[in-house]
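Quick caveat, the model's predicted, so the values are computed rather than measured. Hydrogens, waters and symmetry mates are skipped; everything else that's a heavy atom, side chains included, is used.
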Amino acid sequence: MNDAILKFEKLLNENFLFFPTIEDEILEARNPGKWSKKEILGHLTDSGIHNLVRFTEINYLEKPYQHRPYNQIDLVNLNQYQTMDIQELTQLWLSINKQILRIMKTVNEKALAYKIILSDHSEIDLKFLMTDYVEHLEHHINQIKS
């Protein structure tokens with residue numbers, strides 16, 4: 001878990017100052033059927049919101065925890081990330097992820113082993129969900145930087 005936390009912290013620290021330096025034309029450019037770089041950052045914000053809820057709820061709801069998916073495309077559109085100021089969007093993304101980082105740094109071994117049932121009925125644990133969250137974040141940050 002420590003490796004995931006270190007990677008997560010590095011991704012946040014390297015990118016919260018970088019995103020606002022990208023020109024608006026690049027941030028808002030869209031290819032057919034794809035999100036813009038700004039919308040990808042919005043998707044990461046939505047992902048952070050949903051995972052923050054998951055990472056906290058699992059501690060007090062009945063086990064195994066039932067993972068609830070969310071409609072990623074609708075959320076990006078409804079939250080209007082494409083028209084949001086990049087400074088404001090970056091701050092929102094960073095604030096949510098700083099809270100996730102706090103939770104990750106204090107989660108105990110017992111909680112990391114809590115079982116989670118996915119919508120396809122497969123089973124993972126909290127440790128997998130947390131490390132997968134960091135991998136997902138890194139994947140999309142690489143898309144924004146490309």
Side-chain angles (χ1 to χ4, degrees), residues 1-20 22 27-28 30-146:
M1 196 66 211
N2 284 338
D3 289 345
I5 290 169
L6 290 173
K7 179 189 266 190
F8 187 30
E9 224 166 4
K10 184 177 180 195
L11 287 167
L12 296 180
N13 291 333
E14 287 179 352
N15 292 290
F16 86 94
L17 291 174
F18 171 71
F19 293 147
I22 304 171
L27 282 171
E28 295 172 3
R30 283 189 178 132
N31 289 321
K34 301 282 185 186
W35 283 329
S36 69
K37 293 177 186 302
K38 194 186 271 188
E39 288 170 319
I40 292 170
L41 184 56
H43 163 67
L44 288 176
T45 302
D46 291 334
S47 176
I49 291 166
H50 282 84
N51 280 289
L52 178 58
V53 169
R54 292 170 180 151
F55 298 163
T56 53
E57 277 186 343
I58 196 169
N59 290 284
Y60 62 85
L61 290 181
E62 184 179 331
K63 316 290 184 290
Y65 180 77
Q66 300 294 316
H67 181 277
R68 295 177 312 277
Y70 60 96
N71 190 318
Q72 300 172 14
I73 295 169
D74 283 347
L75 281 177
V76 166
N77 293 332
L78 288 167
N79 283 303
Q80 303 173 32
Y81 294 122
Q82 183 71 355
T83 60
M84 196 171 183
D85 175 75
I86 190 59
Q87 294 281 357
E88 184 181 357
L89 178 55
T90 302
Q91 194 58 51
L92 179 60
W93 170 80
L94 180 64
S95 294
I96 291 163
N97 281 290
K98 280 183 166 183
Q99 183 61 24
I100 291 172
L101 183 60
R102 279 195 245 339
I103 291 168
M104 285 184 169
K105 285 180 172 182
T106 59
V107 69
N108 63 43
E109 289 299 319
K110 180 182 175 188
L112 287 172
Y114 288 156
K115 298 300 175 206
I116 300 169
I117 306 298
L118 301 177
S119 57
D120 68 0
H121 305 289
S122 60
E123 187 177 290
I124 60 172
D125 59 23
L126 181 58
K127 182 177 182 177
F128 177 86
L129 188 62
M130 285 182 162
T131 56
D132 187 63
Y133 176 76
V134 175
E135 295 301 318
H136 173 256
L137 185 79
E138 180 179 44
H139 167 75
H140 285 303
I141 285 174
N142 288 337
Q143 287 180 317
I144 293 169
K145 288 179 150 183
S146 68

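The nearest pair of heavy atoms linking G48 to I100 is O-CD1, 3.4 Å.
Listed for the K37 side chain is a donor-acceptor partner under 3.5 Å among the backbone atoms of S146. Using modelled atom types, one side-chain atom of D85 and one backbone atom of E88 make a donor-acceptor pair closer than 3.5 Å. Checking side-chain atoms of N79 against main-chain N and O of Y81 turns up no donor-acceptor pair under 3.5 Å. For T83 (side chain) and Q80 (main-chain N/O), a donor-acceptor pair under 3.5 Å exists by modelled atom type. Distance alone, capped at 3.5 Å, is enough to place a donor-acceptor pair between the R54 side chain and the R68 backbone. Within the 3.5 Å criterion, the main-chain N or O of F128 finds a donor-acceptor partner in the side chain of D125. Proximity of a side-chain donor or acceptor of Q82 to a complementary backbone N or O of E28 within less than 3.5 Å is detected. Using modelled atom types, no side-chain atom of N31 and backbone atom of K34 make a donor-acceptor pair closer than 3.5 Å. In terms of modelled atom types and a separation under 3.5 Å, the side chain of S122 and the main chain of L118 share no donor-acceptor contact.
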Inset, instruction - Would you please test E39 and R30 for side-chain contact (heavy atoms from CB on, under 4.5 Å) and show each step? - result: CA-CA 9 Å; E39 288 170 319; R30 283 189 178 132; 2.5 Å; yes

Inset, instruction - Show the numbers, then the answer: is there a ring-ring contact (aromatic ring centres under 6.0 Å, His included) between F19 and W93? - result: CA-CA 11 Å; F19 293 147; W93 170 80; 5.3 Å; yes

Legend entry - Audit row: M104, V134, side-chain contact (heavy atoms from CB on, under 4.5 Å) steps and yes/no: CA-CA 11 Å; M104 285 184 169; V134 175; 3.9 Å; yes

Inset, instruction - List the steps, then state whether side-chain contact (heavy atoms from CB on, under 4.5 Å) holds for Q87 with Q91. - result: CA-CA 6 Å; Q87 294 281 357; Q91 194 58 51; over 6 Å; no

Legend entry - Worked check of side chain to side chain donor-acceptor pair (under 3.5 Å) between H50 and H67: CA-CA 10 Å; H50 282 84; H67 181 277; over 6 Å; no

Legend entry - Verdict with reasoning, W35 to I73, per side-chain contact (heavy atoms from CB on, under 4.5 Å): CA-CA 9 Å; W35 283 329; I73 295 169; 4.2 Å; yes

Inset, instruction - Using the side chain to side chain donor-acceptor pair (under 3.5 Å) rule, take Y65 and N59 through it: C-alpha gap first, then chi angles, then the decisive distance, then the call. - result: CA-CA 9 Å; Y65 180 77; N59 290 284; over 6 Å; no

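No side-chain heavy atom of N51 sits less than 4.5 Å from a side-chain heavy atom of I96. The shortest side-chain heavy-atom distance between L112 and M130 falls under the 4.5 Å cut-off. At least one side-chain heavy atom of N97 sits under 4.5 Å from a side-chain heavy atom of F8.
In this structure, NZ on K127 lies 13.5 Å from CG on D132, to the nearest 0.5 angstrom. The CG atom of N77 lies 12.0 Å from the CD atom of Q72; values are rounded to the nearest 0.5 Å. A distance of 9.0 Å separates CG of L11 from CD of E135, quoted to the nearest 0.5 Å. Atom CD1 of I144 is separated from atom NE2 of H139 by 10.5 Å, given to the nearest 0.5 angstrom. Taken from CD1 in I103 to CZ in F55, the straight-line distance is 8.0 Å, to the nearest 0.5 Å. For the atom pair Q143 CD and H43 NE2, the distance stands at 8.5 Å (nearest 0.5 Å).
Counting heavy atoms of neighbouring residues, nucleotides and ligands inside a 6.0 Å radius, atom NZ of K145 exceeds 12 of them. Within a 6.0 Å sphere centred on NZ of K63, heavy atoms belonging to other residues, nucleotides or ligands number more than 12. Around atom CG of L78, more than 12 heavy atoms belonging to other residues, nucleotides or ligands sit under 6.0 Å away. Heavy atoms of other residues, nucleotides or ligands lying less than 6.0 angstrom from NZ of K115 number more than 12.
Taking the six-membered ring for Trp and thresholds of 30 and 60 degrees, H136 and Y133 have ring planes inclined between 30 and 60 degrees apart.
Remark: I117 engages P64, Q66, E123 in a side chain to side chain contact (heavy atoms under 4.5 Å, CB included) (not counting sequence neighbours).
Here ring pair (Phe, Tyr, Trp, His ring centres under 6.0 Å) pairs that include residues 96-120, with residues two or more places apart or in two chains, number zero.
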